[in-house]
Protein chains: 2
Amino acid sequence: MSRVLAVDDDRQLLRALRITLRAAGHDVVTAEDGRSALRAAAENHPDVVVLDLGLPDLDGTEVLAGLRPWFPGPVLVLSARSDSRDKVDALDAGADDYVTKPFDMGELLARLRALQRRGTPEPEEPVVRTEHFTVDLAAQQVRVDGGVVRLTPTEWGLFSELVRAPGRLVGQRHLLQAVWGPAYEKETNYLRVYMAQLRRKLEPDPANPRYLRTEPGMGYRFTP
Amino acid sequence: MSRVLAVDDDRQLLRALRITLRAAGHDVVTAEDGRSALRAAAENHPDVVVLDLGLPDLDGTEVLAGLRPWFPGPVLVLSARSDSRDKVDALDAGADDYVTKPFDMGELLARLRALQRRGTPEPEEPVVRTEHFTVDLAAQQVRVDGGVVRLTPTEWGLFSELVRAPGRLVGQRHLLQAVWGPAYEKETNYLRVYMAQLRRKLEPDPANPRYLRTEPGMGYRFTP
DNA sequence: GGCCTTCTTGACGCGACCTTGACGCGGGCA
DNA sequence: TGCCCGCGTCAAGGTCGCGTCAAGAAGGCC
């Protein structure tokens, strides 16, 4: 989902962080001291940083100071010190959140979610364009020559499955299972009927399909 | 500097908050329960909200749910409960930070600074206009041809869910879960009844809906 | 307590969608 | 050359989902 740089000199905690973050779907990079943390951040371009304040070589605020001028993403600070002055210093040095050890992993993940929610407002706009039509996967809408074409639920299920794998061959078993369910893996005639309908609605020349190609004996392929 | 809405039923704490925040240069608005908090937020358009979870009338997450759809700014939650589950729930409900009572005022101010420093990346339009009516998401009000049209709570819940995703298809399961709760995911007849009422109130020609379109078998779509 | 609004629930007709079967065509193969 | 399998096309039947109406239940306000 996103790349996290985790910095801590406690190897056991670092291992726990790596496992937890990875299980939550993050790509994890680690560092055990301040200098390597700054180097790792510059090299790997993480989306978010989890930073322990008590590092052996640099003070936590120094790492923050080295990070902040160029790193725009959220920084969550971990610390064993619960004194308010430490929190204020870290937050004013550029940290976005401050969690005192020991902490609950679920809470850490929730705070990371909250930070990321604010950080990246729009993840992406999945729109696929071809010469003849455009497909908006988020809005579930297809336009042909500017006009909106309505697809039935089954048609959309089949079509979106193909559009999500542009240029790639999608097996008929995979399509049948994705749209109709595992019990229909043999009903290849369904595919024929609905592919014909899709071509009639979308292809400029339905008899000679250009975008929705048949791979005999294998499956179908969407070629933008 | 900026306008802060502070919500707490403890008048003494509320007074301390007002004094501290005002000394830090903020414009302060206060509320003592959930309903007046939502009203005050809609009327005063604060930049940031400090919200106590233990309110007498509404659960804290309900206030968050009422706030989040249209309020883009940061929300800092105060609570006497230090259980991790409470924190995770509040953060996932849309809170940006969670501070347990008792807390240090300096830390609270530092956390508010950190939240405001990150700013509000979502400049979401609180007002949606069409040729026939205008929707004010903040004030929860709809005007048709200049006249105010009253919507019942359920009608508004359904309608706002659609307006918040203009042009996008919203699945019936999503709508049912958002308005009635997860236990009602199968009651599609609710959708039919209330969509008919909304069309009767808003559409110029309810028999041929122009803005609230049906996508058979999938859901509904608001097209501005 | 009585009135009003709002929500829930059921029934019914209609149209669209899914399913199913039949047929023709073309390529691979003996 | 004749057969067979896979694909495309078409049409018809049955089912399902949607819109509509109305009546009963629940809750708030005077």
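Every chain is numbered from 1, with letters handed out A, B, ... down the list of sequences.
A heavy-atom distance below 4.5 Å is found between the side chains of A:Leu169 and A:Met218.
The side chain of A:Gln172 approaches D:dC7 more closely than any other nucleotide in the set D:dC7, C:dT8, C:dC18.
The interatomic distance linking B:Leu191 (CG) with C:dT8 (P) rounds to 12 Å, in whole Å. Taking atom CD of A:Glu187 as the reference point, atom P of D:dC7 lies 14 Å away to the nearest angstrom. Counting to the nearest Å, the C1' atom of C:dG28 and the CE atom of A:Met218 are 17 Å from each other. Rounded to an integer number of Å, the gap from A:Gln197 CD to C:dT19 P is 11 Å. When rounded to the nearest whole Å, the span between OH of B:Tyr190 and C1' of C:dT6 equals 13 Å. Regarding A:Leu198, its CG atom lies at a distance of 11 Å from the P atom of C:dC18, rounded to whole Å. Rounded to an integer number of Å, the gap from OH of B:Tyr194 to P of D:dC21 is 16 Å. Atom pair B:Glu203:CD and D:dG19:C1' shows a separation of 14 Å (rounding to whole Å applied).
Between D:dT20 and B:Arg199, no contact under 4.0 Å exists linking OP1 or OP2 to a side-chain N or O. Between C:dC7 and B:Trp180, no contact under 4.0 Å exists linking OP1 or OP2 to a side-chain N or O. Side-chain nitrogen and oxygen atoms of B:Thr214 include none within less than 4.0 Å of the OP1 or OP2 phosphate oxygen of D:dC18.
Between A:Asn189 and A:Arg150, the residue anchored closer to the 5' end of DNA chain C is A:Arg150, taking for each the nucleotide with the nearest heavy atom. In terms of position on DNA chain C, the residue among B:Thr152 and B:Arg192 whose nearest nucleotide sits closer to the 5' end is B:Thr152.
Residue-level contact check: A:Tyr220 touches the backbone only, with heavy atoms under 4.0 Å from sugar-phosphate atoms and none from bases.
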Where do B:Trp180 and B:Tyr194 land on the ring-ring contact (aromatic ring centres under 6.0 Å, His included) test, with the steps shown first?
CA-CA 12 Å; B:Trp180 283 273; B:Tyr194 277 92; 5.7 Å; yes

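Atom CZ of B:Arg68 sits in a crowded spot, with more than 12 heavy atoms from other residues, nucleotides or ligands closer than 6.0 Å.
Side chain of A:Glu187 to main chain of A:Leu176: no donor-acceptor pair is present (N/O by atom type, distance under 3.5 Å, no hydrogens or angles).
Relative ring orientation between A:Phe133 and A:Phe222 is described as tilted, the plane-to-plane angle lying within the 30° to 60° band.
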